[in-house]
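Residue numbers start from 1 in every chain, and the chains themselves are labelled A, B, ... in the order their sequence lines are given, proteins ahead of strands. Hydrogens, waters and symmetry mates are skipped; everything else that's a heavy atom, side chains included, is used.
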Amino acid sequence: MTDSSDRREQRLEKLERQREQGIDPYPPRVERTHTSAEALAAYSGEAGETEVGVAGRLVAIRIMGGSTFAHLADGSGRIQVYLRRDVLGEELYDLFRRTIDLGDFVSARGTLFQTRTGEITVNVSSWRPVAKTLRPLPEKWHGLRDVETRYRQRYLDLLANEDVRTIFVTRSRIVSAVRRFLDEQGYIEVETPVLQPMYGGAAARPFTTYHNALGQTFYLRIADELYLKRLIVGGLEKVYEIGHNFRNEGVDTQHNPEFTAIEMYEAYADYNDMMCLIEALYHDVAVRVLGSETITYQGQEIVLTPPWRRVSMRDAILEASGIDIEIERTQDALVRAAAARGITLVSQSGWGKAVEKLFESVVEPRLVQPTFITDFPAEVSPLAKIKPGAPHLVERFEFYIGTLECGNAFTELNDPLDQRERFAAQVQAAADGDAEAHPMDEDYIIAMEHGMPPTGGLGFGIDRMVMLFTDQASIREVILFPALRSAAADSASEPD
RNA sequence: GAGCCGUUAGCUCAGUGGUAGAGCCCCUGCCUUUUAAGCAGGUUGUCGCGGGUUCGAGCCCCGCACGGCUCACCA
């Protein structure tokens, strides 16, 4: 044996030894009659009766001279295999002992029996390498803990940490359940452009890119909203879209630059209808995926059973701080009222933003149980319809669960003249330095001028829903490949 | 963008100025019902990168990279 210290070199030598014996270390097909779970279920109870062919990754090997036990893992679970020199013959037995490493894929054929300790095991009559592994896998006891490696090489995380695997399986089931719920409500799923000549539908800074053939700047979408509402104009009365939004902003435990959002729009509905829809949806998904209408998030029990508490922005702030935003109707008055209670509101542009700021600091941390916060300042909601009798407010709500802001909805603004004025105000805000102000969108206004029915719209973050349902504090734990800075450059590997 | 913390073997981690360590993994030998197999022996390293201080730096100082947490902005 070589004294090479490089583990990859050692494995390459073993691979070469397989080749020398005329064995392809990476055969194109594998003979498999049973998954490991199927094999275990197929055992007749009588040793030697049930023949199976299994395949998988070797996750444990125990060599004891002339006999060897090993565990094979596949997607269905794991199964023990038993190899004996006197059964396999010198050559095939030694091939295993001399050229197989932990992590390699093999296939094995044999009959089932039960060991002394009762474990159903394949008594291997023949086996072969199926795919050689060149690098060692994370160690079995402590698994893989290094967060950076877990995110950058998520496949290792998935291999080593079963709880991580469970999170992403749950995520998939959640998304399926959401689709099923909406489909059953008569919604249709649509797809709208990610690459947009004009971004909009949210207050956020976009990613900018360029199309060579068209010679034109494009933006990655920050929200689905404006395209979906064009579909409402077009007579598709219940639509939803699940897709990625891209926002060129900070990265932290609750924000990834690329995240999964769902938006839905329903003609002839309003924001009250959307409240009923979302509380039913969350409840239904929880029951279907978790089998429970309560969840535990970061140590707190949360009951998702409808109806959820509904409280206006004004009442919520009044209750939490004693400040009445209807009395303090200017930015200055609000900042002074907050300061009098020891709350510092960093300088905001306008009353509406100051209200939001105050809300975030005094109310949001208290919103553990599902809560709808209704009736937002109009100036921070350029796409929502004015609340009758309160021209400074709109029919809008956000809902909070476990102190996370989970989604946003309104009675959609369908008055094209009002919409134009709102956009104009946003353009002015942009001129005054608001980097997230909404741009004027003539094309969208033209759509609205063709007539849009009264409509309720709602959007929420899938990632945050998954965080709640899997009890994760960081959004990176529910995104397979979260955005990270590039690892220290391997210099010569810059792409052209 | 700011503050704090982290980066040591393939993995998980000790190591507070004096010869680079442990467990698992890996390698060699023994071992035909083991399962965190066992027994005996052995190997691993740009201590993140670059400077500096010092007789001497994994450890102290400065800069940089990447990550984590908190904050700011947002969902």
Side-chain angles (χ1 to χ4, degrees), chain A residues 1-11 13-14 47 59-71 78-88 93 97-98 101-103 113-119 121 123 133-153 156 159-160 201-205 222-223 245-263 346 348 353 356-357 360 364 398-400 404-408 434-436 459-465 467 473-476 482 484-489:
Chain A
M1 189 61 204
T2 172
D3 58 8
S4 166
S5 61
D6 185 6
R7 284 144 202 271
R8 188 163 176 275
E9 284 300 324
Q10 289 174 356
R11 286 168 180 246
E13 284 164 17
K14 291 176 178 178
V59 292
I61 302 175
R62 296 174 293 280
I63 297 178
M64 294 165 297
S67 82
T68 293
F69 283 94
H71 272 97
R78 48 162 65 190
I79 188 167
Q80 183 166 257
V81 295
Y82 180 49
L83 297 88
R84 291 172 62 113
R85 177 179 281 134
D86 58 8
V87 172
L88 291 169
Y93 187 75
R97 244 170 45 128
R98 303 290 175 191
D101 290 296
L102 220 45
F113 73 107
Q114 265 177 307
T115 63
R116 198 174 280 166
T117 54
E119 180 164 357
T121 300
N123 187 15
T133 302
L134 296 182
R135 295 173 189 266
L137 299 177
E139 177 245 353
K140 58 191 169 188
W141 280 12
H142 307 91
L144 181 66
R145 291 272 85 89
D146 182 80
V147 175
E148 189 170 352
T149 307
R150 288 186 45 233
Y151 295 159
R152 287 193 197 281
Q153 295 178 275
L156 295 178
L159 280 173
R205 290 150 72 188
I222 59 172
N245 289 346
F246 304 82
R247 298 192 183 174
N248 208 338
E249 287 164 352
V251 176
D252 61 33
T253 50
Q254 287 175 43
H255 301 84
N256 195 62
E258 169 179 13
F259 63 100
T260 306
I262 177 169
E263 290 189 29
V346 278
Q348 292 295 326
K353 289 211 172 186
E356 282 192 318
K357 196 74 200 167
E360 281 166 22
E364 205 175 292
E398 288 185 340
F399 64 99
Y400 289 80
L404 288 178
E405 182 193 336
C406 289
N408 183 24
D434 183 351
E436 290 166 353
F460 68 89
I462 294 287
D463 309 283
R464 289 198 179 166
M465 185 182 206
M467 286 168 70
S474 170
I475 197 170
R476 294 183 206 103
L484 297 177
R485 270 196 184 81
S486 297

Would you classify [X] as touching base, sugar-phosphate or nothing, given that sugar-phosphate means primed atoms plus P, OP1 and OP2, and contacts are heavy atoms under 4.0 Å?
{"X": "A:Thr253", "result": "sugar-phosphate"}
{"X": "A:Asp86", "result": "base"}
{"X": "A:Asp463", "result": "nothing"}
{"X": "A:Asn256", "result": "base"}
{"X": "A:Phe113", "result": "base"}
{"X": "A:Arg145", "result": "sugar-phosphate"}
{"X": "A:Arg98", "result": "sugar-phosphate"}
{"X": "A:Gly407", "result": "nothing"}

* Asked: Would A:Phe69 count as stacked on B:A37 if the rule is ring centres under 5.5 Å and plane angle under 30°?
  -> no

Would the base of B:U34 count as contacting A:Arg62 through its side chain, where contact means a donor and an acceptor less than 3.5 Å apart? yes

Ignoring hydrogens and geometry beyond distance, is the side chain of A:Thr115 in donor-acceptor contact with the base of B:U34 at under 3.5 Å? yes

Anything under 3.5 Å between a protein N or O and an N or O of nucleotides 22-26 of chain B, put it in a table, one pair a line.
from  : atom 1 : to       : atom 2 : distance (Å)
B:C24 : O2'    : A:Glu139 : OE2    : 3.3
B:C25 : O2     : A:Arg7   : NH1    : 2.5
B:C25 : O2     : A:Arg7   : NH2    : 3.0
B:C26 : O4'    : A:Arg7   : NH1    : 3.4
B:C26 : O2'    : A:Gln10  : OE1    : 2.7
B:C26 : O2'    : A:Gln10  : NE2    : 3.4

- P-based separation of B:U16 from B:A2 [nearest Å]: 32 Å

Any donor-acceptor N/O pair, A:Arg11 side chain to A:Thr133 backbone, under 3.5 Å: yes

Side-chain atoms of A:Arg485 come closest, of B:U34, B:A75, B:G67, to B:G67

